[in-house]
There are 2 protein chains.
Amino acid sequence: MDSLAQILQRVREEARRRNVRWTNQRQVIVETFITCGEHITVEELHRRARAADPTVSSATVYRTINMLVEIGVATKRQFGPGSASFECSFIKEHHDHLVCLGCGRIIEFHQDLIEQMQEQVAREHGFRLSHHRLELFGTCAECQAQSGDVEDDAVANDNTAPGS
Amino acid sequence: MDSLAQILQRVREEARRRNVRWTNQRQVIVETFITCGEHITVEELHRRARAADPTVSSATVYRTINMLVEIGVATKRQFGPGSASFECSFIKEHHDHLVCLGCGRIIEFHQDLIEQMQEQVAREHGFRLSHHRLELFGTCAECQAQSGDVEDDAVANDNTAPGS
DNA sequence: ATGGATGCAAAGTATTTGCAACCTG
DNA sequence: CAGGTTGCAAATACTTTGCATCCAT
């Protein structure tokens, strides 16, 4: 849980160590990324970065975010099909995600008991855990209200349904 | 946990109910899909279906698998970027995955308490769940033994590292 | 017959990459 | 200055879609 300045510092050091040059585009993109505080897509990151420097192209955003992932500063997440999301690895405590299939909203949560049970499952199978990924998909309260009662079988039959 | 014939039956009934015509391509694709027994990509499904009917195009495989997802027979899973995988919703009970980072082995497990806690988390946020994805990554017993006695700290899964 | 289904190819997304100009160190 | 970096556009990879033809009902 470092401060933003510390993270930026860390990235720049790593960049120097790797002989990576620090261009204005990188400064802008990295700054935008680590201060956004939550998941962000390349498209959105590009949009915001362009506010600070209109010359930033999406290709450079892709290249930069991929570099951040490589040096462990960003984490890539693929919430279903569509664009990937990225989040800063140092800003937040560990958390899992609740994803609304209606509006795409993402809520973070942390449930200690679930974590503990995961540890137990791992233990039962002789595994030593390194990390995990837990995503719950469903419909948020607002989307439920909005789509009213015209509820197709889309999300209704979740008994036999998907999962895993 | 229906038999393959029952599932096929079910799909055909649903098809009739929806006024969906039962072409040979569909027969072949659906049959191939429900008998494959595990995750399969569109590409692989297409490859296998063509063995039974060379006229099957990938467009039709996409259209058919999407129909299966729509009627709840198939589940789409996006393992990171790249092609999506599909699996039959009825062949297996719901399960989560324990993935060994050493040998790639995948163990399926089911933990009721975890499922219940997930439901609770969803409830707390006003979500209606449709499905979830839980994957635990770590090292299996054999790989631990093999790689020697490097007795690291039992890596907690809430470090700053990647993977929610 | 009638309208849904198919194959093909073109169009869409999301992301990467080749290249010549450009800029950091 | 050297060589990493950039924007642009073309290239990839995966999936969807328009259209003329075909076929299940």
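We name chains A, B, ... by the order of the sequence lines, and we start the count at 1 in each one.
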Side chain to side chain contact (heavy atoms under 4.5 Å, CB included) against [X], all qualifying residues, sequence neighbours excluded:
| X | answer |
| --- | --- |
| A/Ala52 | A/Val28 |
| A/Ala15 | A/Val20, A/Trp22 |
| B/His125 | A/Leu98, A/Ile107, A/Phe109, B/Val121, B/Phe127 |
| A/Arg48 | A/Thr32, A/Cys36, A/Ile40, A/Glu44 |

Exercise. Through what angle, rounded to 10 degrees, does the axis of the helix from C/dA1-D/dT25 to C/dG25-D/dC1 turn between its ends, using five pairs per end?
Worked result: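 Axis angle across the helix from C/dA1-D/dT25 to C/dG25-D/dC1, nearest 10°: 30°.
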
Exercise. Is the shortest side-chain N to carboxylate O distance from A/Glu14 to A/Arg17 below 4.0 Å?
Worked result: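 So A/Glu14 pairs with A/Arg17 through a salt bridge.
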
Between [N] atom [atom2] and [X] atom [atom1], what is the distance in whole Å?
| X | N | atom1 | atom2 | value |
| --- | --- | --- | --- | --- |
| B/Glu43 | D/dA13 | CD | P | 11 Å |
| A/Arg16 | D/dT5 | CZ | C1' | 17 Å |
| B/Asp53 | D/dC22 | CG | C1' | 14 Å |
| A/His46 | C/dA14 | NE2 | C1' | 14 Å |

Exercise. Base, sugar-phosphate, or nothing for A/Val42, non-hydrogen atoms under 4.0 angstrom?
Worked result: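 No contact.
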
Just N and O in the side chain of [X]: are any of them under 4.0 Å from OP1 or OP2 of [N]?
| X | N | result |
| --- | --- | --- |
| A/Arg26 | D/dT6 | yes |
| A/Ser83 | C/dA14 | yes |
| B/Gln25 | D/dC23 | no |

Exercise. Does B/Thr55 have any side-chain hydrogen bond (donor to acceptor under 3.5 Å, both in side chains) partners at least two apart in sequence or in another chain, and if so, which?
Worked result: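 side-chain hydrogen bond (donor to acceptor under 3.5 Å, both in side chains) list for B/Thr55, sorted by chain: B/Asp53.
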
For this session: Return the residues of residues 27-36 of chain A meeting this criterion: a heavy atom under 4.0 Å from some atom of DNA chain C. Order them by number, or give none.
Result: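 Correct list: empty, so none.
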
Problem set entry | Chi angles and distances behind the salt bridge (charged side-chain N to carboxylate O under 4.0 Å, His left out) call for A/Glu13, A/Arg18 | CA-CA 9 Å; A/Glu13 269 167 25; A/Arg18 292 190 176 214; over 6 Å; no

Shorter than 3.5 Å, N or O on both sides, protein versus nucleotides 23-25 of chain C: list them out with atom names.
{"residue": "C/dT24", "atom": "O2", "partner": "A/Arg21", "partner atom": "NH1", "Å": "2.9"}
{"residue": "C/dG25", "atom": "OP1", "partner": "A/Trp22", "partner atom": "N", "Å": "3.3"}

Problem set entry | Partner set under ring pair (Phe, Tyr, Trp, His ring centres under 6.0 Å) for A/His39, not counting sequence neighbours |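 A/His39: ring pair (Phe, Tyr, Trp, His ring centres under 6.0 Å) contacts with A/Phe79, A/His97.
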
From [X] [atom1] over to [Y] [atom2], what is the distance, rounded to the nearest 0.5 angstrom?
| X | Y | atom1 | atom2 | value |
| --- | --- | --- | --- | --- |
| A/Asp112 | A/Met117 | CG | CE | 13.0 Å |
| A/His46 | A/Ser57 | NE2 | OG | 6.0 Å |
| B/Asp96 | B/His110 | CG | NE2 | 8.0 Å |

Show the distances under 3.5 angstrom between N or O atoms of the protein and N or O atoms of nucleotides 16-19 of chain C.
{"residue": "C/dT16", "atom": "OP2", "partner": "A/Asn66", "partner atom": "ND2", "Å": "3.1"}

Problem set entry | Residues which pass salt bridge (charged side-chain N to carboxylate O under 4.0 Å, His left out) with B/Glu124, listed by chain and number, not counting sequence neighbours |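 If we apply the salt bridge (charged side-chain N to carboxylate O under 4.0 Å, His left out) test to B/Glu124, skipping adjacent residues, there are no hits.
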
For this session: Identify, with sequence neighbours excluded, every residue that meets salt bridge (charged side-chain N to carboxylate O under 4.0 Å, His left out) alongside A/Arg105.
Result: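 Checked A/Arg105 against salt bridge (charged side-chain N to carboxylate O under 4.0 Å, His left out); matches are A/Glu142.
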
Exercise. If you pin B/Ser57 and B/Asn19 to their nearest nucleotides in DNA chain C, which one's is more 5'?
Worked result: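 This one resolves to B/Asn19.
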
